[in-house]
Amino acid sequence: MRIGTYNMINQLYSNTSSKKTAAANGTNYASFKDEVSFSSMGKDMQVAKNALKSVSDIREDLVSDIKSRIDNGTYDVSNDDFTTKLIEAFSNK
């Protein structure tokens with residue numbers, strides 16, 4: 001254990017203010033009160049997160065259109081588009 005590190009930690013804890021309270025038996029002890037506060041950015045992120053929970057991950061309008069075209073046999077993908085997307089996918093990894 002490094003003594004310098006111990007001294008740094010000791011200084012951190014000794015500089016914090018604590019409230020002294022008296023116990024029922026008259027003994028004094030330090031009690032620390034934990035507090036949590038959220039920034040406005042954190043609150044906004046929580047609101048956005050809750051809003052996203054209600055939204056579906058799947059865009060049903062697009063999926064149903066593609067499904068119906070596949071079922072009808074009218075869904076067509078050009079070979080060039082497929083090749084381009086495939087190359088882009090592997091070149092990014």
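This one's a predicted model, so the numbers in the text were calculated from it and none came from an experiment.
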Please say yes or no: joined through hydrophobic side-chain contacts below 4.5 Å, possibly via intermediate residues, are Leu62 and Ile70 part of one cluster?
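Different clusters: Leu62 never reaches Ile70 through Ile, Leu, Val, Met, Phe, Trp or Tyr contacts under 4.5 Å.
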TODO: Group every Ile, Leu, Val, Met, Phe, Trp and Tyr by side-chain heavy-atom contacts under 4.5 Å, then state whether Leu86 and Val77 land in the same group.
DONE: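 Hydrophobic grouping puts Leu86 with Val77.
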Got a second to check how far [X]'s [atom1] is from [Y]'s [atom2], nearest 0.5 Å?
X: Asp76; Y: Asp81; atom1: CG; atom2: CG; answer: 9.5 Å
X: Ile87; Y: Asn92; atom1: CD1; atom2: CG; answer: 12.0 Å
X: Ile66; Y: Arg59; atom1: CD1; atom2: CZ; answer: 10.0 Å

Report, one line per pair, each donor and acceptor closer than 3.5 Å where one atom sits in a side chain of residues 43-55; sequence neighbours left out.
{"unit_1": "Asn50", "atom_1": "ND2", "unit_2": "Gln46", "atom_2": "O", "d": "3.4"}
{"unit_1": "Ser54", "atom_1": "OG", "unit_2": "Ala51", "atom_2": "O", "d": "2.8"}

For Asn79, side chain to side chain donor-acceptor pair (under 3.5 Å) partners two or more places apart: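 Residues passing side chain to side chain donor-acceptor pair (under 3.5 Å) with Asn79: none at all.
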